[in-house]
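Just so we're on the same page: letters track the sequence lines, and every chain starts at 1. All values below come from the heavy atoms of this structure, side chains included, with hydrogens, waters and symmetry mates left out.
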Amino acid sequence: MDLRTFFLLCMALILAGCDDNEHAISVDLSRTEQVIFRETPDVITYAYLPQYSHRVSYTRHQALVRYLRKETGLNIRQIFPDNFDQHMKMVGDNKIHISFSNPFIYVKIARRYGAHAFARIVEATKKETFRGQVITRTDNTAIQTLGDCRGKTWIAVDPTSAGGYLFPLGHFFSHGITKADFKEIAFAPGPGGKQEKVILSVFAGKYDLGTIREGALDVVAGKIDVAKIRIVSRTPTYPGWVYAAVKTLDNKSLDKIRTALVKLDFNQKDHREILEAANFVNVIPAMDADFDSVRQLTGRLGMEMDQ
Amino acid sequence: MKPGFREKLLMGFFGLLLVQGLVIFLWFSHAMKASVLDEIKNRGVSTGTSLAVGLVEPMLAMDYLRMKVLMDETTRLGNDIFYTFVLDPDQNILAHTFNSGFPVELKRVNPLNGAGPSSLKLLDTGRQMVYDYAIPITVNNDFLGTLRLGLSQTRAEKVVNQVLVSTIIIILLAIFLAGLVGTLLVNPLIRSVKKLHDSSEQALKGNLDVHTAPTLDRNCWDIMACNREECPAYKNYHHRCWYLAGTLCPTCVEGEYAKKIQSCQHCRVYRKCSGDEIQSLAESFDAMTLSLRGNLSDLKAAEKILNEQKARLQTILDAIPDFISLQDQDGRYVSVNKAFCQILGKPRNEIIGRFNQDLFPPDAAALYNEEDRRILSTGTPLEKENQIKGPNGIKWLHVVKISVSQKTDRPKGLVCSGRDISMLKAVQDQLTHAQKMESVGSLAAGVAHEINTPLGIILGYGQLLLEDVNSEGQVYKDVEVIVKQTKICSKIVKDLLSFSRSNKSVVTDFDVHGALEEVIAVVEHTFSLNHVSIHRGFHGAPLSMKGDKEKIKQVFINLLNNAFDAIDTHGKIYVTTGSVKSGREIRISFIDTGCGIKKDNLVKIFEPFYTTKGPDKGTGLGLSVTFGIIKEHRGRIKAYSPPKTDKTLARGTQFVVFLPTDSN
Ligand code: SF4
């Protein structure tokens, strides 16, 4: 290679190393405004008791909310309270118009804020009822029967959880085990996602046993190896999850909503997608008396519904 | 001054490193800049994406505080994050990180339509450049809103520049280190090359005793533990054994390098001691000088012998009185001896390399060339007697020319040898002359003896007749003529007898001056009548000699008469004497102011009956008789015309007589 070729090659390499500058858009940051968020009027709020994370709540119910909006023509919007207390409080504050909650919460908000049930679901198990489960790690050989749970640490979903606390507490009670028999009773911390937190805590071995709603294991199936979790016992069944409306919701809207919900047909393709996402197969009309079994349980356990 | 090998090597090395560094810097800095910027951009995207994921829950919960806290924390964590804000699908601001109001224009510059891919725009705020990321916030592909994140490009550039500066420093450091390592690697090479150069210069100057190759830690005799002191390699620290012929290892193959090296390559010594190419070069250089030194000393010895032989030959040639010359096949003189130079009257260096035409007159040169050509073509030698005219007169040479043959067809040259035979010729002439004189003498003596008796009778009867006849009568006159002529004949006979030395000699001691004076006294008066004067220039002391005074006087008379005859009238005769050869010889000179003798005649004047005079003016026996008397006295006579000792005379003749004081 002579000197000229070498020089040209160098120049080519050097030129290849150069590039164009990026184009920039001029923005004046000096002009500012104060941001005020205005809530849209005539919104009917729909809230799913935050037994799972908001993302799960959203995933499960957004299609249903969209369906209701379309079906009823009402401005229905899903909102996400952080925890059960907030949920109940928002019902009381009229911030949640349609509450989808477990029967335990329902009996509480019915009693506290006069919310009334108008529909309830048929679970994915095709049952109108559901139950709780007592779980432990598969390798925890110390807990084989319900009785083995005495003196152990117990994590429950929430003091207001039905399947995750109330039903198991009743179940233990029926077997002569009281709260005092446990070494510790803890509740899943923080907002939302509480069912998952209980499973993960037991999975991690932080607590000897946990109580969850039946079906919650399916939610974490992709996240942990559920084979490492053993179901020690299942509680008796109670009425399933319930749609309750606040007092202030006008009957006309309520009717439209109930009708639309009941109209959902698992055999209909578009409905099935909605129902599958929401993890139930059907919505049936309901009334307050359907939940008396729960009220009885709370009574048995000596729970104060006003607190 | 032109750069040396070391400078060129280092310049090339550094030049290459510099170009490489430049190319690496420009090319890789661009790639690095792009990758760093990409990295920064990706970081923006990943920060934004993870923030967007984190914002899902607070957004669903409409928890503005949590949104704000999340965004503030993100902004605080990344100090190059300029701002973050969240828009709902209706482009309403849900939360932002600006302290004093939200910039109105910012909202619209990087819009996002639904849950599409994120978008990146470069914004110029006037103060700095900002990468603006618009990232969709989604749940299950449902579009919840847009997260906007501003990343300071100026800071990113700063990072890039820092990276570039680091790159430059690293490249420079690498060049410096590479240069340092290169110099360290090059230096031994340069040192070796320089040593090689120095050695070759030394060798060119004639010093073949150079040692270029480094000395070895362990040599062959150490490695092989041989103890063979008679081996040429033993304790030879400067030459590797595989370069030396005649080494004594059992594995060594006989012969020179080319033969040996094959076997050496399998040898332990070779494997241990052979070095890199430069070392091999130095070693072979040493071996070369060694062999050159050997060859040179052989050559010098041969040259010395040759020179000695040449000098010897030249001495021999020069010592030979004959002249000798050697010509090449073209006729050029290649070698001559001293005698040749003397003949030509030229020094040797003016003859060597010349041709005949450069050294001889044209006629002679043409003749010699023709002779040379004939000898070279026929191979027949030439032998001749040559008369040449040199600066010292005419010389006779006996010349032999023969061709020098060689194996090829053409003769290689000519050898010419010649002998100066001038002396021989002169002796031959003298011998001839002497023989002639001898024969003439014996003839004359014979004739004289035979004639003398009848002449005496005639003279006696004549004189008796004169007494008997009347002195007045005719008869008396006629008889008188007979008597007179008979007397003349008698004189001739007497001279002839003197010439042939048939006369008896009377040897006495006498004074030459006295003899001269006696003679001069007789002739001086007669000469003066013809105005011829005699001038004496005698030696201060008497010059006596042993010999026949009368015969010597006869010589003086003859020479004075000769001088008088040459003058005719009006002239001078100078008679001088002297003693030569430390008194062993007497020198008598006669100079006349006469007509002189021709050069050609000078040699003949001593021949009997030779005369230049007219009829009746002499017998032509005077000088022959003189010559005979002087020879009888073991003397010499020389004739010069014009005179030799008196340069004032343009004509005239000088006779110089040398007589030994004791002729016995
Ligand atoms: S060449 Fe062989 S014999 Fe000669 S000195 Fe070296 S080792 Fe000894």
Side-chain angles (χ1 to χ4, degrees), chain A residues 3 6-7 9-40 43 45 47-48 50 52-63 65-66 77-83 86-87 90 95 190-193 277, chain B residues 15-16 19-20 22-31 33-34 37 53 56-64 66 82-83 85 88 90 92-96 98-110 120-132 139-140 142 144 150 153:
Chain A
L3 216 63
F6 181 67
F7 175 74
L9 202 73
C10 286
M11 286 310 293
L13 279 170
I14 288 164
L15 288 174
C18 304
D19 65 340
D20 298 333
N21 283 329
E22 291 174 275
H23 170 68
I25 305 165
S26 290
V27 182
D28 180 10
L29 296 185
S30 57
R31 267 195 323 118
T32 57
E33 61 176 8
Q34 288 307 315
V35 176
I36 301 145
F37 188 74
R38 286 179 189 84
E39 191 61 79
T40 338
V43 171
T45 54
Y48 175 21
Y52 302 114
S53 68
H54 293 335
R55 190 180 289 272
V56 175
S57 301
Y58 180 91
T59 310
R60 285 195 169 181
H61 286 255
Q62 191 57 33
V65 171
R66 265 201 296 274
R77 192 163 64 82
Q78 188 182 9
I79 61 165
F80 302 83
D82 275 340
N83 50 46
Q86 196 187 20
H87 185 103
M90 283 171 81
K95 283 185 179 161
Chain B
L16 266 179
V19 169
Q20 191 191 17
L22 200 71
V23 171
I24 287 176
F25 172 70
L26 289 167
W27 180 256
F28 288 101
S29 69
H30 166 69
K33 187 177 168 184
L37 275 178
V53 171
V56 170
E57 296 270 326
M59 273 185 81
L60 289 174
M62 282 299 156
D63 187 340
Y64 302 113
R66 262 173 67 201
F82 190 37
Y83 57 77
F85 60 93
D88 71 3
D90 301 325
N92 295 313
I93 304 287
L94 297 181
H96 63 82
F98 293 98
N99 291 332
S100 51
F102 182 81
V104 186
E105 284 187 19
L106 201 56
K107 205 158 55 174
R108 61 173 172 77
V109 288
N110 193 9
L120 172 63
K121 293 252 163 77
L122 181 63
L123 307 183
D124 182 1
T125 67
R127 284 192 179 174
Q128 60 176 321
M129 307 295 275
V130 176
Y131 283 122
D132 184 274
V139 181
N140 300 339
D142 287 344
L144 289 188
Q153 196 233 24

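When heavy atoms are compared at a cutoff of 4.5 Å, A:Gln62 approaches chain B solely by way of its side chain, counted from C-beta outward. Using a 4.5 Å cut-off between heavy atoms, B:Phe82 touches chain A through its side chain atoms alone.
From A:Asp82, atom CG reaches atom CZ of B:Arg66 across 5.5 Å, with rounding to the nearest 0.5 Å. We find the CD1-CG distance between A:Ile25 and B:Asp124 to be 10.0 Å, quoted to the nearest 0.5 Å. Rounding to the nearest 0.5 angstrom, the gap separating the CG atom in B:Asp63 from the NE2 atom in A:His54 is 7.5 Å. B:Met59 CE to A:Arg55 CZ: the interatomic distance, rounded to the nearest 0.5 Å, is 11.5 Å.
Using a 4.5 Å heavy-atom cutoff, the side chains of B:Asp142 and A:Tyr58 are in contact.
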List the atom pairs, donor and acceptor, that lie under 3.5 Å between side-chain atoms in residues 101-110 of chain B and the rest of the protein, sequence neighbours left out.
unit_1	atom_1	unit_2	atom_2	d
B:Glu105	OE1	A:Asp28	N	2.9
B:Asn110	OD1	B:Ser119	OG	2.4
B:Asn110	ND2	B:Ser119	O	3.3
B:Asn110	ND2	B:Asp132	O	3.0
B:Asn110	ND2	B:Asp132	OD1	2.8

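Residue A:Lys95 qualifies as open at atom NZ: its count of foreign heavy atoms under 6.0 Å is 12 or below.
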